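Order of appearance sets the numbers: ligands from 1, and atoms from 1 within every ligand. Given the structure is predicted, the values throughout are model-derived calculations rather than measurements. Sequence positions, counted from 1, serve as the residue numbers for this chain.
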Amino acid sequence: MVINLDIQEIIKTFRKNGYKVTAQRLAICKFILSRKDHPSAEQIYQGLSNEYPTISLGTIYKTLHLLKELGLVQELGFNEGSIRYDPDMELHINMVCSKCGKIYDYKAANVKELWNVIISDLGIKPKGQRIDIYYECEDCK
Ligand SMILES: [Zn+2]
Ligand SMILES: [Zn+2]
């Protein structure tokens, strides 16, 4: 299981699957990995457009789609229509502020234990998992 996705691993996965590692793709990957708040495509675009003036939102969407296909990011859709990208494929809890939409990851060892019990009770092999907790963050309280 992938614990902490790093850039070398992403490059390897791209190449193994026959995809070119372009400067823009690499920049998008690095940006997602450097942020702990699960950015949206628009946030990635805003974050990179200074350094990469030729980057387009379309390139970002295509790259995100590719990363998702390769199992390198999780796509988290939310009720209000926003989509956020999470590079952590391991079981963890997304703490989501219901007001400002800020997300951070919470990892609790006992969640994993409980999860394993649930999975073995169900007798299934999950294809993915997602646990979100909604709350109001310090800034919004
Ligand atoms: Zn997360
Ligand atoms: Zn908030």
(request) Without swapping roles, check the side chain of Gln43 against the backbone of Ser40 for a donor-acceptor pair under 3.5 Å. (result) yes
(message) With rounding to 10 degrees, what does the angle Cys137:SG / the Zn ion (ligand 2) / Cys97:SG come to?
(response) 110°
(request) Measure from the side-chain N and O atoms of Ser82 to the backbone N and O of Phe78, and report whether any donor-acceptor pair falls under 3.5 Å. (result) no
(message) For the Zn ion (ligand 1), give me the closest N/O/S atom belonging to Asp105, just the atom name.
(response) OD1
(request) Please tell me if the side chains of Thr59 and Thr22 come closer than 4.5 Å, counting only heavy atoms from C-beta onward. (result) no
(request) Scan His38, Gln74, Lys107 and name whichever one has a side chain to side chain contact (heavy atoms under 4.5 Å, CB included) with Asp88. (result) Lys107
(message) Using a distance threshold of 2.8 Å, state whether an N, O or S atom of Gln74 lies below it from the Zn ion (ligand 1).
(response) no
(request) Using only N, O or S atoms, tell me which atom of His38 is closest to the Zn ion (ligand 1). (result) NE2
(request) Tell me, yes or no, whether the heavy-atom count around Tyr134 atom OH, taken from other residues, nucleotides or ligands under 6.0 Å, exceeds 12. (result) yes
(message) Can you tell whether the side chains of Asp86 and Arg130 come within less than 4.0 Å, N to carboxylate O?
(response) no
(message) How wide is the angle at the Zn ion (ligand 2) spanned by Cys140 SG and Cys100 SG, rounded to 10 degrees?
(response) 110°
(request) Taking the Zn ion (ligand 1) as the reference point, name the nearest N/O/S atom of His92. (result) NE2
(message) For N/O/S atoms only: which one belongs to Asp86 and is nearest the Zn ion (ligand 1)?
(response) OD2
